[in-house]
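Only one structure is covered here, and it is reproduced in the block below.
Lettering of chains follows the sequences in order, A, B, ..., and the numbering in each one begins at 1.
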Protein chains: 2
Amino acid sequence: MATTGTDLSRMREMNQLSIVWALRGNPPSTVTELAGRAGLSRPAVDVLVQSLVTDGWAEVEEPGANSVVGRPARRFRFRADAGHVLGIDIGVHKILVVLSDLEGNLVRTLRRPADPEADPRARLAAVDRVIDEVLRGAGMTPDDIWAITAGVTGPVDASGRTSLFTPLPGWNAADPVAHLGARFSCPIQVENDCKLAAVAERWKGVASDADDIVFLLAGLRTGAGLILDGTLRRGHGGAAGEIGALKAVRWLTAPGHLESCPGVPASAAPGEAAAWVFQAARDGDRDARTAVRRYTRDLAVGVAALVLALDPQVVVYGGGFSRSSDVVLEPLRQELTKHCLRLPELRASTLGDESVALGGVRLSLDEVDSRLLSDGLAAPSAPRR
Amino acid sequence: MATTGTDLSRMREMNQLSIVWALRGNPPSTVTELAGRAGLSRPAVDVLVQSLVTDGWAEVEEPGANSVVGRPARRFRFRADAGHVLGIDIGVHKILVVLSDLEGNLVRTLRRPADPEADPRARLAAVDRVIDEVLRGAGMTPDDIWAITAGVTGPVDASGRTSLFTPLPGWNAADPVAHLGARFSCPIQVENDCKLAAVAERWKGVASDADDIVFLLAGLRTGAGLILDGTLRRGHGGAAGEIGALKAVRWLTAPGHLESCPGVPASAAPGEAAAWVFQAARDGDRDARTAVRRYTRDLAVGVAALVLALDPQVVVYGGGFSRSSDVVLEPLRQELTKHCLRLPELRASTLGDESVALGGVRLSLDEVDSRLLSDGLAAPSAPRR
DNA sequence: TGAATTAGTAAACTGCTCAGCAATATCCAG
DNA sequence: CTGGATATTGCTGAGCAGTTTACTAATTCA
């Protein structure tokens with residue numbers, strides 16, 4: 001453990017950061033409240049918050065109507081709009097861009113359909129267009145963006161490349177980090193979609209109380225994202241959670257049970273077929289229930305492997321199929337009890353298909369925070385790579 | 001992130017700790033060397049190390065023969081013998097106790113056979129006897145011990161109980177923490193044996209360079225321990241790594257291929273049978289090679305599941321069978337390439353059957369360190385629970 | 001209007017780090 | 001054998017950050 005020594009200036013930096021963290025995500029706060037939250041004395045907080053105001057990180061709110069006894073206090077507010085970050089979902093069928101301020105408040109969300117057959121150039125050009133539209137709508141330029149995280153399907157390595165496999169046509173030759181880097185000088189990450197969705201689920205979703213989470217992205221493709229000890233697990237090569245690649249785990253073929261269910265309208269697209277089967281199962285259709293049961297049986301093997309390997313607190317069922325969790329969760333639970341030693345809680349995602357972009361926002365905010373931690377906080381400005 | 005503010009006294013504490021860490025594990029060091037290592041100024045280090053000496057954490061070494069030019073510097077040495085910790089392996093067939101000083105130097109190691117059929121009371125009494133012998137041999141009393149970590153088979157929950165299952169007869173009714181706590185007032189942990197062995201492998205073993213490790217404890221039983229991001233993963237209920245419980249993973253039956261190999265002497269005990277087969281395979285015996293291949297094929301499914309789930313940098317093959325890694329590793333590698341996306345490095349453990357107790361020592365030392373971090377360092381003494 | 005309560009501010013104090021200088025001890029070249 | 005070079009120790013004063021204490025300011029309630 002190579003702990004490095006601390007001096008006064010570093011101490012001040014850290015105390016100032018602890019004020020920022022006490023300020024952020026809370027309603028406008030008095031000096032006394034901040035002192036309590038940050039564990040510092042009132043005078044110390046006073047000078048720290050003063051300098052935050054002059055630097056532009058915080059704003060004063062002069063005392064107004066105050067119903068409590070005593071001298072009314074000024075309140076300080078974190079200037080969440082001092083910077084912004086982007087979370088992007090580069091999907092097969094859609095592109096979703098979310099713009100957020102530094103507090104994680106979503107400023108703007110824009111979804112555009114994407115051509116499933118588009119080659120990487122065309123897809124990245126489409127991403128650019130959606131980003132442009134979002135920025136224009138918010139009256140911003142690329143320089144106002146402090147960090148970007150984009151999600152794609154398939155395992156992503158440290159450089160943001162998708163070398164092993166991906167359902168995005170031609171994508172393993174694409175370099176989205178370089179592409180975005182041409183217009184944005186802020187830090188840019190590309191990450192696997194399941195991993196981002198898992199992050200979102202812990203941030204604003206159904207697993208915010210848990211530190212050990214297995215997240216399932218269930219749809220026509222099935223994937224998993226892992227959060228252990230509260231932090232996203234990428235794996236040494238970025239391929240953590242890819243248990244679906246194991247032949248004994250029939251995640252590739254599992255959704256097929258839904259499509260091949262007797263009674264599905266011949267005209268239905270694959271995604272619609274699954275929705276039809278779930279609805280039919282909900283209505284009590286015998287064939288549909290069998291199909292769902294087969295689907296969950298195949299799904300459960302992989303989930304059980306993850307559960308046994310990691311012993312998580314919560315398994316979150318997310319992705320496109322999570323809308324039908326009411327007919328999936330119970331059979332899945334029954335299957336899992338057959339396999340597992342200790343059954344974790346099973347929860348259905350509520351974030352819908354924004355989870356990937358949301359997770360991207362969260363990772364971008366984390367990136368901003370880690371910059372603050374390492375570089376300290378000068379006047380707010382977009383970090384450069 | 002609830003970072004709490006820092007004041008001067010806490011800062012001194014941290015700087016003093018950083019001196020301790022700069023001192024420990026290094027040869028006796030001069031003030032200048034320490035200043036460099038800890039990132040502090042020379043005068044600062046001087047007063048800090050002075051107070052460490054008066055507290056008893058460090059010793060001065062007056063300058064003696066000095067071959068370098070200039071005024072000879074005093075050297076300071078960490079008093080590794082200020083305290084000691086125990087690592088214990090409570091196995092089915094043996095009990096192994098390791099006594100270590102604060103620097104991780106092994107002071108005393110004692111192995112005693114255990115009755116496989118012994119009930120928990122008898123087994124814990126045997127543990128007591130081995131501990132007593134070790135302490136007596138080192139001239140110590142229970143009060144000289146600062147932390148104890150014991151390893152047992154089967155998943156261990158946070159309280160040190162083995163409630164799910166275990167091959168130790170009657171053990172799920174045992175409470176080893178309470179038993180040891182009657183004589184020792186220091187912190188006591190009980191942990192799963194595979195997890196401890198994994199920790200040892202990263203500490204003094206073959207995976208000291210890796211942060212993401214899957215450790216296999218391969219013997220008549222097969223188990224796994226996970227280290228991710230450099231820290232041991234226990235799982236929410238302490239059952240991480242128990243992938244062997246999955247029916248599709250045939251870890252329970254895998255060693256059977258070895259015992260049922262044609263040609264094994266009828267008189268051989270199960271453990272000896274495996275050794276015989278490995279030797280025969282080494283000598284080119286056809287049946288033995290087939291048996292080993294079957295064994296690795298069954299083993300590989302579970303390993304592949306862990307590898308795909310976690311994408312580790314290294315897989316370590318340890319446990320009793322690791323002595324025969326020369327005939328196992330290559331077939332295992334071949335099987336894994338069939339299953340995995342990205343093959344991690346495959347290494348054979350070199351720690352032998354001391355790994356569990358060694359891992360216990362490491363965890364005990366970690367416990368001591370975390371006490372120092374939270375409570376600061378007064379004069380050295382055994383921490384109380 | 002005065003008591004009670006809370007906020008803001010100034011001054012004194014503590015404790016730590018750092019820069020720099022003088023003192024000291026050894027080695028080595030001449 | 002001696003003086004210079006080198007490297008370490010010990011010391012002092014300056015600077016800085018945070019705490020404590022005390023005092024003043026602003027507001028509500030009785």
Side-chain angles (χ1 to χ4, degrees), chain A residues 3-20 22-23 27-55 58-77 376-377, chain B residues 3-20 22 27-55 58 60-77 376-377:
Chain A
T3 308
T4 177
T6 313
D7 60 0
L8 281 300
S9 58
R10 180 71 189 143
M11 178 170 118
R12 185 188 168 83
E13 234 168 37
M14 306 232 338
N15 283 347
Q16 201 151 18
L17 274 174
S18 84
I19 296 291
V20 166
L23 221 41
S29 314
T30 69
V31 172
T32 316
E33 286 165 358
L34 292 174
R37 253 180 249 144
L40 296 170
S41 71
R42 218 151 38 86
V45 171
D46 198 76
V47 299
L48 288 171
V49 85
Q50 238 27 282
S51 84
L52 285 177
V53 169
T54 59
D55 279 354
E59 280 175 334
V60 198
E61 190 177 82
E62 289 306 330
N66 200 324
S67 64
V68 78
V69 84
R71 173 173 173 170
R74 287 176 305 182
R75 292 184 169 271
F76 293 88
R77 182 209 322 272
L377 15 70
Chain B
T3 308
T4 177
T6 313
D7 61 359
L8 283 300
S9 57
R10 179 74 190 141
M11 180 169 118
R12 183 190 167 84
E13 232 167 41
M14 305 223 349
N15 284 345
Q16 201 151 17
L17 275 174
S18 83
I19 297 291
V20 166
S29 315
T30 69
V31 172
T32 317
E33 287 166 357
L34 291 175
R37 251 180 251 145
L40 296 171
S41 71
R42 216 160 33 82
V45 171
D46 197 75
V47 299
L48 287 171
V49 86
Q50 234 32 277
S51 84
L52 284 178
V53 168
T54 59
D55 279 355
V60 198
E61 190 175 84
E62 289 306 330
N66 200 325
S67 64
V68 78
V69 88
R71 173 172 175 171
R74 288 175 305 182
R75 293 183 168 272
F76 295 88
R77 181 209 323 272
L377 15 71

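Considering only side-chain N and O atoms, B:N15 lies under 4.0 angstrom from the phosphate OP1 or OP2 of C:dT17.
The distance from the CG atom of A:L52 to the CD atom of A:E59 is 12.5 Å, given to the nearest 0.5 Å. Interatomic distance, A:R75 CZ to A:L34 CG, rounded to the nearest 0.5 Å: 9.5 Å. Distance CG/A:N15 to CZ/A:R10: 10.5 Å, rounded to 0.5 Å. Atom CG of A:L40 sits about 6.5 Å away from atom CG of A:L48, to the nearest 0.5 Å.
Residue pairs meeting the side-chain hydrogen bond (donor to acceptor under 3.5 Å, both in side chains) criterion with at least one member in residues 39-52 of chain A, sequence neighbours excluded: A:Q16-A:S51.
Taking atom CE of residue A:M14 and atom P of nucleotide D:dG18, one finds them 11 Å apart after rounding to whole Å. Rounding to whole angstrom units, CG of residue A:L48 and P of D:dC16 are separated by 15 Å. The nearest whole Å value for the distance from the CD atom in B:E13 to the P atom in C:dC16 is 11 Å.
Distances from the side chain of B:R12 to the nucleotides C:dC16, D:dG18, C:dC18 place C:dC16 closest.
Here the closest non-hydrogen pair linking A:L23 and A:F76 is CD1-O, 3.7 Å.
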All N/O pairs under 3.5 Å across the protein-nucleotides 7-14 of chain C interface:
unit_1 : atom_1 : unit_2 : atom_2 : d
C:dA7  : OP2    : A:T32  : OG1    : 3.1
C:dG8  : OP1    : A:R74  : N      : 3.0
C:dG8  : OP1    : A:R74  : NE     : 3.1
C:dG8  : N7     : A:R42  : NH1    : 2.9

